[in-house]
Amino acid sequence: MRLLALTRDPLDEPGLAAAVARPSSGAVVTFVGRVRDHAPGHAVEYLEYEAYPEMVDAVFGEIADETRERFAIDEVGIHHRCGRLAVGEASVVIAVAAAHRGPAFEACRYVIEQIKLRAPIWKKEVGPQGAVWVDTRP
Amino acid sequence: MHVRIRLFAAHREAAGQDDYVADLPAGTRAHDVPRLLEARFPGLSAAAPSFAYAVNRKQVPADTELRDGDELALLPPLAGG
């Protein structure tokens, strides 16, 4: 399994957790981002994810390299979905394996925050009121 | 010079296409492009304050000078995760 991927297929959290684990890994932390049924003030029926795929590959590579440099971890994996996702489906899975739990938790948090900041990915919320591209700027 | 422009999300939908090869004057900087393409893609100029720019798949400062053959992506506010 590729450890870094942007895919239209459903994500496999246990598969990615297994793929990052080494015999030295005493801890594997996973994060799953899911499509929720609401946004501030309105219901959400589904999300439409769009990406700049060639740049996502580059950004995921940079984030993974930084994560391995900053934290005492064995391995990190990032899988992100694109296309149409129903409520409850996973949009992103991150798995971090480390000898000990502390760095695994910290690195996992670092990865999701960096994805939010840097990955060229967009989503459109579609609900009863229509469709809107999400803008998370304050 | 020729620069490949990549459009995403609302701008891709409004344009009806996700890329476009623009013929731009030498010396054009990334942040000049929404204004230069306004006639072809109405609305780009108004959206310009919200854009980040990537040249050849790397995010760059808005005043980065473009070169012939570059790929310039106009990145609306990101919403991954």
Side-chain angles (χ1 to χ4, degrees), chain A residues 4-7 11 31-36 39 44 47-63 78-82 85 89-94 108-126 130-138, chain B residues 2-22 24 29-31 33-34 37-38 41-81:
Chain A
L4 306 177
L6 176 74
T7 175
L11 302 183
F31 172 83
V32 179
R34 286 162 38 99
V35 178
R36 70 178 151 252
V44 171
L47 294 183
E48 196 72 54
Y49 276 86
E50 174 174 332
Y52 180 11
E54 307 94 316
M55 188 173 160
V56 167
D57 288 346
V59 169
F60 281 4
E62 290 167 13
I63 293 173
I78 307 170
H79 286 184
H80 202 298
R81 219 38 216 282
C82 57
L85 275 73
E89 285 196 278
S91 56
V92 60
V93 172
I94 297 160
C108 192
R109 179 68 188 259
Y110 177 79
V111 171
I112 185 59
E113 301 303 337
Q114 292 301 312
I115 289 171
K116 298 253 174 202
L117 281 176
R118 294 157 59 182
I121 298 172
W122 301 272
K123 59 183 167 239
K124 185 164 68 171
E125 291 170 348
V126 184
V132 59
W133 288 97
V134 175
D135 182 346
T136 55
R137 284 174 301 164
Chain B
H2 291 96
V3 172
R4 185 181 180 207
I5 310 295
R6 301 285 299 259
L7 300 169
F8 300 97
H11 307 289
R12 173 189 56 74
E13 287 183 331
Q17 60 193 98
D18 60 9
D19 71 343
Y20 176 73
V21 177
L24 301 172
R29 295 173 188 273
H31 63 195
V33 168
L37 295 185
E38 176 65 20
F41 300 114
L44 271 195
S45 205
S50 73
F51 284 138
Y53 299 92
V55 172
N56 303 329
R57 300 161 191 179
K58 241 187 149 45
Q59 218 166 306
V60 296
D63 63 355
T64 298
E65 192 173 325
L66 302 174
R67 312 258 168 226
D68 186 53
D70 276 349
E71 177 171 299
L72 172 70
L74 308 183
L75 306 175
L78 307 179

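On a predicted model such as this, the values are computed, not experimentally measured, just so you know. Chain naming here is simple, since letters A, B, ... match the order of the sequence lines and numbering starts at 1 in each.
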Can you give me every donor-acceptor pair (side chain of residues 46-57 of chain B, partner residue at least two apart or in another chain, under 3.5 Å) with its distance?
unit_1: Ser50(B); atom_1: OG; unit_2: Ala47(B); atom_2: O; d: 2.8
unit_1: Asn56(B); atom_1: OD1; unit_2: Glu71(B); atom_2: N; d: 2.8
unit_1: Asn56(B); atom_1: ND2; unit_2: Asp70(B); atom_2: OD1; d: 3.0

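Proximity of a side-chain donor or acceptor of Ser91(A) to a complementary backbone N or O of Gly81(B) within less than 3.5 Å is detected. Put simply, the side chain of Glu65(B) never gets that close to the backbone of Arg29(B): no donor and acceptor are under 3.5 Å apart.
For chain B, the nearby parts of Lys123(A) are the backbone and the side chain; heavy atoms of each come within less than 4.5 Å. Neither the backbone nor the side chain of Glu48(A) comes within less than 4.5 Å of any heavy atom of chain B. With a 4.5 Å cut-off on non-hydrogen atoms, Leu117(A) touches chain B through its backbone but not through its side chain. For Arg34(A), no part sits under 4.5 Å from any heavy atom of chain B, backbone or side chain. Proximity to chain B (any heavy atom under 4.5 Å) is restricted, for Trp133(A), to the side chain, taken from C-beta onward. For Phe31(A), no part lies near chain B; criterion is any non-hydrogen pair under 4.5 Å. With a 4.5 Å cut-off on non-hydrogen atoms, Ala51(A) touches chain B through its backbone but not through its side chain.
Smallest separation of non-hydrogen atoms from Asp19(B) and Arg6(B): CB-CD, 3.8 Å. Among all heavy-atom pairs drawn from Leu7(B) and Gln17(B), the shortest one is CD1-O, 3.9 Å.
Taking the salt bridge (charged side-chain N to carboxylate O under 4.0 Å, His left out) definition, one finds that Glu38(B) meets it with nothing, sequence neighbours left out.
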